[in-house]
Amino acid sequence: MNLAQVVPLFLARIEAQPHDTRSVPLADRDALIVSCVEVDGQWVVLSRYGEDKWRLTGATTNAHPSASILDFAAVPRVYRSTLKAVVYRYLRRGRDSGGRPGVSAARNFLCGLMPFVRHLARLQIHSLRAV
């Protein structure tokens with residue numbers, strides 16, 4: 001199999017991933033590819049769903065490298081899996097009124113949720129259903 005055949009297969013595999021993680025078994029969920037990049041004709045996975053830091057691609061070149069990282073380790077543990085599912089869906093589908101978000105929009109989305117979930121954690125509310 002030559003490189004011209006490998007690239008479309010890899011991209012097709014990523015595009016075939018579900019847009020929502022609710023129906024994905026936990027073992028398979030952690031293996032989902034969040035971001036990847038092509039280096040010298042080879043695809044390199046930068047981030048997988050199971051990792052606490054997701055490095056996104058497509059940021060502007062004048063942005064600091066840390067601006068393209070979504071850090072779920074800063075999320076209270078009780079809400080980490082929920083926010084990962086929400087952000088993954090947002091990255092895959094975007095909002096109803098537009099396309100997929102860029103890196104800064106995704107980062108702002110997660111940062112905007114942080115005060116809310118920290119407040120809930122301080123109130124010892126451990127589920128969004130309880131809100």
Side-chain angles (χ1 to χ4, degrees):
M1 187 177 295
N2 65 29
L3 185 60
Q5 295 169 318
V6 172
V7 171
L9 290 176
F10 187 80
L11 292 177
R13 179 177 158 214
I14 292 172
E15 287 301 316
Q17 291 183 150
H19 293 299
D20 192 328
T21 59
R22 288 180 284 192
S23 63
V24 179
L26 188 58
D28 296 337
R29 185 179 309 161
D30 286 347
L32 290 173
I33 296 171
V34 174
S35 64
C36 60
V37 66
E38 186 179 9
V39 177
D40 295 329
Q42 298 290 324
W43 285 95
V44 177
V45 175
L46 295 176
S47 302
R48 292 192 182 273
Y49 188 91
E51 299 168 353
D52 280 338
K53 289 188 179 185
W54 292 356
R55 184 170 174 231
L56 305 180
T57 59
T60 58
T61 56
N62 64 343
H64 193 275
S66 65
S68 63
I69 295 174
L70 301 181
D71 187 4
F72 290 97
V75 176
R77 183 168 295 283
V78 68
Y79 290 106
R80 197 169 297 162
S81 64
T82 302
L83 286 192
K84 276 186 170 184
V86 169
V87 172
Y88 179 80
R89 181 179 169 117
Y90 180 55
L91 289 172
R92 298 290 295 171
R93 294 185 55 177
R95 294 182 1 189
D96 289 339
S97 61
R100 290 181 179 179
V103 173
S104 63
R107 186 170 163 84
N108 289 340
F109 182 71
L110 179 60
C111 290
L113 290 171
M114 292 299 292
F116 178 65
V117 295
R118 285 184 182 140
H119 178 68
L120 294 179
R122 277 193 302 273
L123 294 175
Q124 296 185 357
I125 298 173
H126 302 296
S127 168
L128 291 178
R129 286 186 186 154
V131 174

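Because the structure is a prediction, the values reported are computed rather than measured. When reading the values below, keep in mind they use all heavy atoms of this one structure, side chains included, and skip hydrogens, waters and symmetry mates.
- With hydrogens and angles disregarded, a donor-acceptor distance shorter than 3.5 Å links the side chain of Arg100 to the backbone of Arg92.
- Side-chain contact check for Ser47 versus Leu56: every heavy-atom pair is 4.5 Å or farther apart.
- Cluster membership check: Leu32 does not share its hydrophobic cluster with Trp43, using side-chain heavy-atom separations under 4.5 Å among Ile, Leu, Val, Met, Phe, Trp and Tyr.
- Note on residues 50-68: pairs passing salt bridge (Lys or Arg N to Asp or Glu O under 4.0 Å), not counting sequence neighbours, are Asp52-Arg80, Asp52-Lys84.
- A continuous path of hydrophobic side-chain contacts links Val87 to Phe116 [ILVMFWY only; heavy atoms under 4.5 Å].
- The cluster map of Ile, Leu, Val, Met, Phe, Trp and Tyr, joined by side-chain heavy atoms under 4.5 Å apart, puts Val37 and Ile69 in different clusters.
- Linking Ile, Leu, Val, Met, Phe, Trp and Tyr whenever their side-chain heavy atoms come within less than 4.5 Å puts Val131 and Val117 in one cluster.
- Pairs engaging residues 23-32 under the salt bridge (Lys or Arg N to Asp or Glu O under 4.0 Å) rule: none recorded [sequence neighbours left out].
- Annotation: side chain of Phe72 is in contact with side chain of Leu110 (closest heavy-atom distance under 4.5 Å).
- Residues Cys36 and Leu46 form no side-chain contact, since every pair of their non-hydrogen atoms from C-beta on lies 4.5 Å or further apart.
- Leu83 and Val24 fall into different hydrophobic clusters, where Ile, Leu, Val, Met, Phe, Trp and Tyr residues are linked whenever their side-chain heavy atoms come under 4.5 Å apart, directly or through other members.
- In this structure the side chain of Arg95 reaches within 4.5 angstrom of the side chain of Tyr90, judged on heavy atoms.
- Among residue pairs with one or both ends in residues 103-129, none qualify as side-chain hydrogen bond (donor to acceptor under 3.5 Å, both in side chains); sequence neighbours excluded.
- In this structure, OH on Tyr79 lies 12.0 Å from CG on Leu113, to the nearest 0.5 angstrom.
- Using a 30° and 60° split on the angle between ring planes, Tyr49 and Trp54 fall in the tilted class, from 30° to 60°.
- Here Leu120 contributes atom CG and Leu128 contributes atom CG; the two are 6.5 Å apart, rounded to the nearest 0.5 Å.
- Counting only distance, with no hydrogens or angles, the side chain of Glu38 and the backbone of Val44 share no donor-acceptor pair below 3.5 Å.
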Requested in this report: In sequence, state the C-alpha distance, the side-chain angles, and the governing distance for Val86 and Phe109, and then conclude on side chain to side chain contact (heavy atoms under 4.5 Å, CB included).
Outcome: CA-CA 10 Å; Val86 169; Phe109 182 71; 3.7 Å; yes

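- Residues Ile33 and Gln17 meet the side-chain proximity criterion, which asks for heavy atoms closer than 4.5 Å.
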